[in-house]
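Owing to the predicted nature of the structure, the values given are computational and were not obtained by experimental measurement. Counting convention: from 1, in listed order, for ligands and their atoms alike.
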Amino acid sequence: MPKLRLGINIDHVATLRNARNRDAGAAPDIARAAQEAIKGGGDSITIHLREDRRHIMDTDVKNLRRVLKKPINLEMAATEAMKKIALTTKPHAVCLVPEKRAEVTTEGGLDVVKGGKKLARTVNELAAAGIRVSLFINPDAAQVLAAWTAGAAAVELHTGAYANSKGIAQKKELKRLQWAAQQAHKLGLEVHAGHGLNYDNVTAIAAIPEIIELNIGHFLVGEALFVGLAASVTKMRGIMVKARK
Ligand code: PXP
């Protein structure tokens with residue numbers, strides 16, 4: 001099986017920092033968190049620059065880009081303003097996500113079918129700047145095909161519905177993810193997955209052979225309160241390696 005990469009989403013370190021002080025460098029320090037996540041076994045750092053800047057700020061993107069040697073995966077809405085930031089800061093990767101201001105977290109996948117030519121133009125402009133573009137989608141055949149048509153290099157399958165369900169319903173969601181991963185892989189897309197993953201539910205997702213990257217945040221940052229960020233990441237990495245065997 002191909003190696004499974006682990007991207008650590010550190011948005012919620014910024015949530016904690018912003019509760020007191022929005023300055024880059026204020027405690028808890030985002031760059032230090034990123035270094036700890038990498039020390040623990042993370043392959044890349046994922047950050048979501050939301051339009052309302054509720055956690056990651058523009059200064060964080062610039063600072064991380066400057067100090068980090070590992071790849072940065074910038075999650076963002078497909079807007080003109082965000083595209084400009086990506087083209088200026090040039091992260092290794094961009095993951096285009098849907099964004100609603102009132103949502104607590106990214107609630108569903110991007111509607112790539114509806115996004116049509118406009119979305120494809122954004123994908124192509126970012127790709128032309130050397131950025132690997134992935135589209136965060138629900139595990140749905142039409143969305144997978146549309147992502148391929150739009151010229152994306154990768155899809156990130158939204159695992160939220162799987163993570164939030166139990167029993168038979170969860171098995172059904174897992175089947176949808178397995179099937180979508182196969183479809184995307186057959187089209188030549190890189191397959192990633194993420195949202196709501198934790199030590200208990202990650203095994204079945206990590207065992208899907210077509211998936212080569214997971215992006216995990218909220219659970220690992222929460223767990224870090226008890227064991228430290230490097231240790232929480234190392235434990236997740238261990239579970240993923242075991243699932244892959
Ligand atoms: N992938 C994407 C595209 C996301 O939007 C998020 C949440 O910001 C994650 C992964 C990580 O989800 P979680 O924080 O639930 O692990």
Side-chain angles (χ1 to χ4, degrees), residues 4-16 18 30 33-34 37 40 42-57 60-61 71-78 82 86 91-101 103-112 123 126 131-139 143 147 152-165 173 177 180-181 184 189-203 205-206 211-225 229 232-233 235-237 239-240:
L4 182 58
R5 300 189 299 255
L6 173 59
I8 309 299
N9 182 317
I10 55 168
D11 290 348
H12 296 300
V13 178
T15 303
L16 193 57
N18 293 358
I30 306 297
D43 295 299
S44 55
I45 295 298
T46 291
I47 44 176
H48 185 174
L49 185 67
R50 293 188 74 103
E51 289 181 275
D52 63 8
R53 307 299 196 269
R54 71 175 70 155
H55 37 59
I56 294 295
M57 314 284 290
D60 294 321
V61 182
I72 292 175
N73 173 34
L74 178 66
E75 295 175 355
M76 58 179 228
M82 287 293 164
H92 169 77
V94 157
C95 180
L96 295 175
V97 301
E99 218 177 279
K100 293 188 213 117
R101 286 208 174 218
E103 70 190 357
V104 174
T105 181
T106 315
E107 279 164 4
L110 192 64
D111 192 343
V112 187
V123 170
L126 293 168
I131 299 168
R132 183 197 72 193
V133 183
S134 77
L135 302 178
F136 189 45
I137 58 169
N138 289 329
Q143 297 298 338
V155 284
E156 179 165 331
L157 300 176
H158 197 314
T159 52
Y162 160 82
N164 291 330
S165 55
E173 290 299 334
L177 288 160
L189 292 159
E190 259 195 29
V191 191
H192 308 167
H195 212 281
L197 296 177
N198 59 37
Y199 294 151
D200 294 327
N201 64 20
V202 76
T203 297
I205 301 300
I211 293 179
I212 61 162
E213 180 176 311
L214 297 182
N215 285 297
I216 309 181
H218 182 265
F219 175 80
L220 291 176
V221 172
E223 197 59 15
L225 294 174
L229 189 53
S232 77
V233 171
K235 183 164 174 188
M236 182 60 83
R237 165 68 82 193
I239 297 170
M240 285 164 53

Undergrad: For the residue pair Val123 and Val133, what are the closest heavy atoms and their distance?
TA: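 For Val123 versus Val133, the nearest heavy atoms are O-CG2, 3.8 Å.
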Undergrad: So is there a nitrogen or oxygen of Cys95 less than 3.5 Å from a nitrogen or oxygen in ligand 1?
TA: no
Undergrad: Considering both backbone and side-chain atoms of His218, is one of its nitrogen or oxygen atoms within less than 3.5 Å of a nitrogen or oxygen in ligand 1?
TA: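 N/O-N/O distance under 3.5 Å: yes.
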Undergrad: We want to know whether Asn9 and Thr46 form a side-chain donor-acceptor pair, criterion being a heavy-atom distance below 3.5 angstrom.
TA: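 Short answer, no.
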Undergrad: Which atoms of ligand 1 are found less than 4.0 Å from any heavy atom of Gly196?
TA: 12 (O), 13 (P), 15 (O), 16 (O)
Undergrad: Judging by distance only, is a nitrogen or oxygen of Glu75 under 3.5 angstrom from one on ligand 1?
TA: yes
Undergrad: Looking only at distances, please establish whether an N/O atom of ligand 1 is found under 3.5 Å from an N/O atom of Glu156.
TA: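 Yes - when backbone and side-chain N and O of Glu156 are compared with those of ligand 1, one distance drops under 3.5 Å.
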Undergrad: With atom 8 (O) of ligand 1 as the reference point, say which of Ile8, Asn9, Asn73, Val202 has the nearest heavy atom.
TA: Asn9
Undergrad: Find all atoms of ligand 1 within a distance of less than 4.0 Å from any non-hydrogen atom belonging to Phe136, and give their numbers and elements.
TA: 2 (C), 3 (C)
Undergrad: Between His195 and Glu156, do the side chains contain an N or O donor and an N or O acceptor separated by less than 3.5 Å?
TA: no
Undergrad: Salt bridge or not for Arg132 and Glu190, using N-O below 4.0 Å?
TA: yes
Undergrad: Judged by modelled atom types alone, do Glu213 and Asn215 share a side-chain donor-acceptor pair under 3.5 Å?
TA: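 The criterion, which ignores hydrogens and geometry beyond distance, is satisfied for Asn215 and Glu213.
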Undergrad: What are the atoms of ligand 1, with element, lying closer than 4.0 Å to any heavy atom of Asn215?
TA: 10 (C), 11 (C)
